[in-house]
Amino acid sequence: FASAGCGACHTLADAGATGAVGPNLDELQPSAAIVEAILPEGRGAMLAFGDKLSAEEISSVAAYVSTVAGK
């Protein structure tokens, strides 16, 4: 999460991230499928990460976020 740069925009307590630009992931509690769908191409103001992260890295970030968000 941190190495992907997510914490610069998103809040996720487990990662110690307190970004306030994007949605608070602890409140949103997205599923892994939603995170995997958004990361490659981005959405709205969110940048695309498909050219920065491998498919495996995107899957890992998605699994992590969906597991710890809101916990």
Side-chain angles (χ1 to χ4, degrees):
F1 188 84
S3 65
C6 306
C9 293
H10 296 283
T11 293
L12 186 65
D14 189 78
T18 58
V21 175
N24 179 324
L25 298 176
D26 286 316
E27 291 176 1
L28 193 60
Q29 297 181 357
S31 69
I34 288 173
V35 176
E36 279 194 69
I38 294 172
L39 276 176
E41 300 298 322
R43 180 178 288 171
M46 183 171 159
L47 302 173
F49 284 86
D51 61 342
K52 295 175 180 75
L53 301 173
S54 69
E56 184 177 315
E57 289 169 322
I58 289 172
S59 181
S60 292
V61 169
Y64 169 68
V65 169
S66 68
T67 301
V68 303
K71 307 293 189 265

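Atom OG1 of Thr18 is separated from atom CG of Asn24 by 10.0 Å, given to the nearest 0.5 angstrom. Within the model, atoms CG of Leu12 and CD of Glu27 stand 11.5 Å from one another, a figure rounded to the nearest 0.5 Å. Expressed to the nearest 0.5 Å, how far OG of Ser59 lies from CG of Leu53 amounts to 11.5 Å.
By the 4.5 Å heavy-atom criterion applied to side chains, Pro40 and Ile58 are counted as neighbours. In this structure the side chain of Asp14 reaches within 4.5 angstrom of the side chain of Tyr64, judged on heavy atoms. Within the 4.5 Å cutoff, no side-chain heavy atoms of Met46 are placed close to those of Cys9.
The backbone N or O of Ala13 lies less than 3.5 Å from a partner atom in the side chain of Asp26, making a donor-acceptor pair. Under a 3.5 Å cut-off, the side chain of Thr11 and the backbone N or O of Gly19 do form a donor-acceptor pair. In this structure, Ser60 contributes its side chain and Glu56 its backbone to a donor-acceptor pair below 3.5 Å.
Considering all non-hydrogen atoms of both residues, Pro23 and Leu28 come closest at CB-CD2, 4.0 Å. When every heavy atom of Val21 is checked against every heavy atom of Ala8, the shortest pair comes out as CG2-O, 4.5 Å. When all heavy atoms of Ala17 and His10 are compared, the pair lying nearest together is CB-O, 3.4 Å.
The stretch residues 37-54 participates, sequence neighbours left out, in these side chain to side chain donor-acceptor pair (under 3.5 Å) pairs: Ser54-Glu57.
By the side chain to side chain contact (heavy atoms under 4.5 Å, CB included) test, Ala32 pairs with Ala62, Ser66, sequence neighbours left out.
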